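Bear in mind that the values here come from a model prediction, so they are computed numbers and not experimental data. Reminder, nothing fancy here: chain letters follow the sequence lines and each chain counts from 1.
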Amino acid sequence: MAEWQRTHTCGELREGHVGRAVTLTGWVLITRNYGKQVFVDLRDRYGLTQVVFEADDAGLFQAANDLGREWVLSVQGTVRKRLPGAERPGIPTGQVEVEAKRLTVLNQCPPLPFSVTEFPDEEPAGEDLRLQYRYLDLRRRSLQGVLTLRHRMNKTIRDFLDARGFLELETPLLGKSTPEGARDYLVPSRVFPGEFFALPQSPQLYKQLLMISGYDKYFQIARCLRDEDLRADRQPEFTQLDVELSFVERDDVLGLMEGLAVEVFRTCLGVELPVPFPRMTYAEVMAKYGSDKPDLRFGLEIVDITDLAAESEFTVFKDAVAAGGVVRAINATGAAPKYSNTALKPGGELPKIAETYKAKGLAWMKAEGDKLTGSIEKFFPEPLKAKLKERLGVKPGDLLLFVADKPDVAADALGGLRTHLGAALKLYRNWWDEKAAHDAAEEEAAKKEKRAPAPFKHRPDHFRFLWVVDFPMFAWDDEEKRWAAIHHPFTAPMDEDLPHLESDPGKTRAKAYDLVLNGYEVGGGSIRIHRNDVQSSVFKLLGMEAEEAKKRFGFLLDALQSGAPPHGGIALGLDRWCMLLAGTTNIRDVIAFPKNQKARDLMTGAPAAVDARQLRDVGIRPA
RNA sequence: GGGGACGUAGCUCAAUUGGUUAGAGUACCGGACUGUCGAUCCGGUGGUUGCGGGUUCGAGUCCCGUCGUCCUCGCCA
């Protein structure tokens with residue numbers, strides 16, 4: 001062992017080590033120069049230890065004076081108890097310090113573009129800067145915590161599935177482009193100029209083939225790639241827990257995943273989730289919440305008032321109903337004083353949100369005392385108003401918002417409003433806000449009482465899981481004038497809907513399910529088609545003739561005829577899981593080296609131009 | 001492809017209706033200091049207000065364009 005190598009980590013030393021000669025290595029978090037001592041907080045990913053340089057060794061003291069932030073050191077010294085009153089109960093190593101006897105500077109560091117040290121009241125540097133110097137960003141304690149959490153999550157998943165007989169199997173990255181679904185990332189073939197591999201949007205086909213091969217319990221923590229526009233919770237490459245089982249029905253998959261979720265939340269956050277998770281059909285959630293991934297941490301449910309609207313004198317409502325549309329409403333309880341009539345006028349805050357989702361407008365009433373007010377109130381005769389108040393449970397101070405439109409538009413618009421109002425009216429609190437408040441209060445109290453701060457405790461109601469089941473098989477794609485698979489084209493229709501699969505595709509429901517947590521889709525799967533004839537008719541419905549289906553998926557159709565067991569599975573979006581476990585709303589916060597919103601890597605600069613020669617090799621002419 | 005927000009010192013931000021020499025904290029540099037722990041105190045360096053154009057006696061501020069970042073609708077089976 002080289003002389004400078006560590007005997008302990010920076011998070012390890014306790015009172016029991018007092019008197020021991022130790023060597024620590026780490027980064028200088030901060031130095032405090034006090035004339036006769038230099039205090040150096042030495043940090044690694046295990047923790048922080050105070051190193052003291054005394055002035056009596058002039059050479060050593062001078063060297064300590066010259067240290068800067070983020071220098072990399074090896075310090076040999078003796079562990080000693082801190083002076084009485086100078087203990088730090090807040091940190092694990094806070095009872096001791098290391099008296100330095102010898103210092104080796106392993107590397108110096110110039111002033112950095114932003115601070116690696118984190119303080120509670122300090123805004124972190126801008127995200128683009130942090131992504132550009134991601135290796136520094138990742139040195140921050142909070143990100144080290146997140147990546148540690150992510151490791152723990154992955155480890156828990158592997159252990160859980162391994163204990164239940166699952167095999168972790170790998171599938172190719174270089175595959176074949178499939179027509180359905182997201183845009184593929186393409187990789188040109190050098191050997192076959194003009195031909196391309198596609199990077200996988202998911203291991204879907206391979207895992208089905210593995211079922212056919214008899215690997216009846218499979219999983220993989222797999223990277224998936226989709227070349228689509230990004231969001232706060234979407235990256236072009238992301239990680240799924242991909243799971244597939246043979247000889248199972250829907251509830252087997254759901255139950256397995258509930259057990260896994262309980263285990264992950266227990267291990268990672270110490271919270272005990274109640275199971276089973278609630279289940280709602282797609283039709284139910286769309287009607288009630290206007291979203292297929294509703295946040296169940298608050299109510300604010302959508303209510304259908306089409307029948308009442310039809311009886312009213314309001315032309316807009318009556319016309320919408322006559323055209324086959326619906327009128328739906330939400331009662332924003334107590335929100336009347338918070339939204340001025342101006343904010344409710346066309347172009348105002350709330351109507352603008354409704355318009356985002358293609359709604360033609362937003363009607364409203366306020367409950368002032370026992371009376372309903374607003375410009376459309378006069379179109380509702382008293383008995384109708386009474387019915388309206390009863391159905392919406394109106395109390396004084398309530399704000400009623402109405403959308404009259406085609407059912408899907410009304411659902412989208414009110415769903416969007418519901419989400420907005422849930423946040424704006426503070427109908428729920430994110431647990432990390434509660435944690436921040438708790439930590440601040442606890443830190444102060446702990447300092448006063450000279451004790452370690454009590455950790456924040458998660459509650460089960462911080463995490464509202466929901467299964468959404470019974471999705472439709474197909475949605476009409478207006479642009480392409482054809483039916484499109486809502487889940488994917490390998491999803492099995494529900495047995496009772498098989499008879500009208502071809503006659504009424506829009507009414508066919510799928511054996512598909514999504515897992516939703518706090519308004520995020522965190523998983524989705526289905527029971528797959530295991531019969532060649534059903535698979536062929538689904539392809540046909542999606543506008544793929546037999547010839548074409550054979551060309552594109554011939555291997556799958558053949559495989560389905562070669563002894564395919566009934567099978568199904570699910571994929572969990574692990575980045576989103578980690579995001580929700582870590583208490584952030586930004587998926588980039590839980591990925592070591594993420595891309596920015598335009599899918600550029602700000603650190604390496606990728607994507608980038610390549611040499612003409614590289615292009616020639618793969619048979620591509622520069623544009 | 002559409003909508004919105006933002007861009008000022010290395011970093012985080014401020015700068016009244018368009019008005020003097022663009023400020024503060026922090027970092028950095030120099031100095032003082034016997035136990036600090038985000039030490040403290042004193043002093044100092046640091047700016048093409050993203051870029052280009054326009055309006056104006058005068059632009060960080062208003063207008064147009066452009067680049068960048070984020071949020072969002074479409075998109076993401």
Side-chain angles (χ1 to χ4, degrees), chain A residues 29-42 48-56 65 68-70 80 82-88 90-91 93-94 97 99 110-133 136 178-184 201-202 204-205 224-236 238 352-359 412-413 416 419-420 447 471-475 477-479 483-491 510 512 521 524-526 538 542 571 573 585-586 588 596-598 600 602:
Chain A
L29 182 78
I30 202 163
T31 63
R32 293 177 292 278
N33 182 327
Y34 208 85
K36 291 286 192 256
Q37 286 90 20
V38 173
F39 299 95
V40 175
D41 287 346
L42 198 65
L48 177 99
T49 301
Q50 171 164 287
V51 178
V52 190
F53 293 83
E54 300 283 357
D56 38 6
N65 262 298
R69 290 191 182 197
E70 299 307 312
R80 69 184 186 196
R82 286 180 178 224
L83 291 184
E87 302 91 351
R88 303 229 74 200
I91 62 171
T93 61
E97 62 193 9
E99 183 187 359
L112 297 173
F114 59 89
S115 172
V116 174
T117 317
E118 294 182 301
F119 300 115
D121 61 344
E122 201 175 80
E123 285 298 312
E127 197 187 14
D128 47 340
L129 193 71
R130 293 195 288 114
L131 290 182
Q132 190 186 339
Y133 299 96
L136 295 176
T178 54
E180 290 275 323
R183 219 171 274 119
D184 287 317
Q201 298 175 25
S202 79
Q204 182 60 36
L205 287 166
C224 307
L225 300 105
R226 296 177 190 174
D227 188 4
E228 295 290 347
D229 287 354
L230 307 181
R231 289 286 185 283
D233 64 347
R234 274 172 18 196
Q235 277 278 296
F238 58 100
K352 261 166 122 176
I353 291 166
E355 282 158 30
T356 311
Y357 297 91
K358 305 276 184 319
D412 284 354
T419 305
H420 174 84
K447 216 169 193 174
F471 279 80
M473 279 284 284
F474 308 102
D477 186 331
D478 227 16
E479 249 172 62
W483 291 100
I486 285 196
H487 191 59
H488 56 55
F490 318 110
T491 301
E521 185 198 322
S526 62
V538 168
L542 295 173
T585 53
N586 176 350
R588 295 181 296 274
N596 77 358
Q597 208 236 0
K598 286 208 176 140
R600 184 180 288 286
L602 291 177

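- Computed from coordinates, the A:F53 CZ to B:U34 C1' distance equals 18 Å when rounded to whole Å.
- Per the geometry, CZ belonging to A:F39 stands 15 Å off C1' belonging to B:G38, to the nearest Å.
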| message | Pair A:E180, A:H488 - check side chain to side chain contact (heavy atoms under 4.5 Å, CB included), show working. | response | CA-CA 8 Å; A:E180 290 275 323; A:H488 56 55; over 6 Å; no
| Stepwise side chain to side chain contact (heavy atoms under 4.5 Å, CB included) test for A:L112 and A:F114 | CA-CA 5 Å; A:L112 297 173; A:F114 59 89; over 6 Å; no
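- When the C1' atom of B:U34 is taken as reference, atom CD of A:E97 falls 14 Å away, rounded to whole Å.
- The residue A:S115 sits apart from the nucleic acid: no heavy atom pair falls under 4.0 Å.
- Taking atom P in both B:U16 and B:G53, the straight-line distance is 25 Å, to the nearest Å.
- Across all strands, A:D227 comes closer than 4.0 Å to no nucleic acid atom at all (heavy-atom distances).
- If you take atom P in B:G47 and the same atom in B:U36, they sit 38 Å apart, rounded to whole Å.
- When the C1' atom is compared between B:A32 and B:A39, the two are found 14 Å apart, to the nearest whole Å.
- In this structure, B:A24 and B:U12 make a Watson-Crick or G-U wobble pair, each of the two defining distances being under 3.5 angstrom.
- One P atom belongs to B:U49, the other to B:G44, and the distance between them is 24 Å to the nearest Å.
- The same atom, C1', is picked in B:C42 and in B:G52; the two are 45 Å apart, to the nearest Å.
- Residue contacts for A:E122: at a heavy-atom cut-off of 4.0 Å it reaches a base atom on one of the strands shown.
- When the P atom of B:A39 is taken as reference, atom CG of A:L29 falls 9 Å away, rounded to whole Å.
- If you take atom C1' in B:U55 and the same atom in B:C41, they sit 50 Å apart, rounded to whole Å.
- Contact between the side-chain N/O atoms of A:R32 and the OP1/OP2 oxygens of B:U36 is not found at any separation under 4.0 Å.
- As judged by a 4.0 angstrom heavy-atom cut-off over every strand, A:G126 is placed among residues touching the sugar-phosphate backbone only.
- Looking at which nucleotide of RNA chain B each of A:F114 and A:R82 is closest to, the 5′-most match is held by A:F114.
- Within the 4.5 Å cutoff, side-chain heavy atoms of A:E127 are placed close to those of A:N586.
- Judged by distance alone, with hydrogens and angles left aside, the side-chain atoms of A:R183 form a donor-acceptor pair with the main-chain N or O of A:D227 at under 3.5 Å.
- Proximity of A:R69 to the phosphate of B:C11: no side-chain N or O atom is located under 4.0 Å from OP1 or OP2.
- A:Q37 comes within 4.0 angstrom of a base, heavy atoms only.
- A sub-4.0 Å separation between OP1 or OP2 of B:C75 and a side-chain N or O of A:R231 is absent.
- Using a 4.0 Å heavy-atom cutoff across all strands shown, A:T178 reaches no nucleic acid atom at all.
- Between A:N65 atom CG and B:C29 atom P the separation is 12 Å, expressed in whole Å.
- Atom NZ in A:K447 sits roughly 12 Å away from atom C1' in B:A39 (whole-Å rounding).
- In this structure, NE2 of A:H420 is placed 14 Å from P of B:U72, rounded to the nearest angstrom.
- Looking at heavy-atom distances under 4.0 Å, A:D128 makes contact with sugar-phosphate atoms alone, never a base.
- Taking the P atoms as reference points, B:U56 lies 16 Å from B:U61, given to the whole Å.
- Residue contacts shown for A:L83 include a base, since a base heavy atom lies under 4.0 Å away.
- Backbone-only engagement by A:Y357 is indicated by non-hydrogen atom pairs under 4.0 Å involving sugar-phosphate atoms exclusively.
- Under 3.5 Å, the side chains of A:Q597 and A:R234 contain no donor-acceptor pair of N or O atoms.
- Per the geometry, CD belonging to A:Q597 stands 13 Å off C1' belonging to B:G74, to the nearest Å.
- In this structure, A:E521 reaches neither bases nor backbone, as no heavy-atom distance under 4.0 Å exists between it and the strands shown.
- Residue contacts for A:A86: at a heavy-atom cut-off of 4.0 Å it reaches a base atom on one of the strands shown.
- Considering only side-chain N and O atoms, A:R588 lies under 4.0 angstrom from the phosphate OP1 or OP2 of B:C71.
- Counting any heavy atom pair closer than 4.0 Å across all strands shown, A:L129 reaches sugar-phosphate atoms only and no base atom.
- Across the strands present, B:G30 finds its partner in B:C42; the criterion is a Watson-Crick or G-U wobble pair with both atom distances under 3.5 angstrom.
- Judged by distance alone, the side chain of A:Q201 and the main-chain N or O of A:A182 form a donor-acceptor pair under 3.5 Å.
- Residue A:E54 is in base contact, counting any heavy-atom pair closer than 4.0 Å across all strands shown.
- Between B:C28 and B:G68, the distance separating the two C1' atoms is 27 Å to the nearest Å.
- At the heavy-atom level, A:K598 lies under 4.0 Å from the strands shown only through sugar-phosphate atoms.
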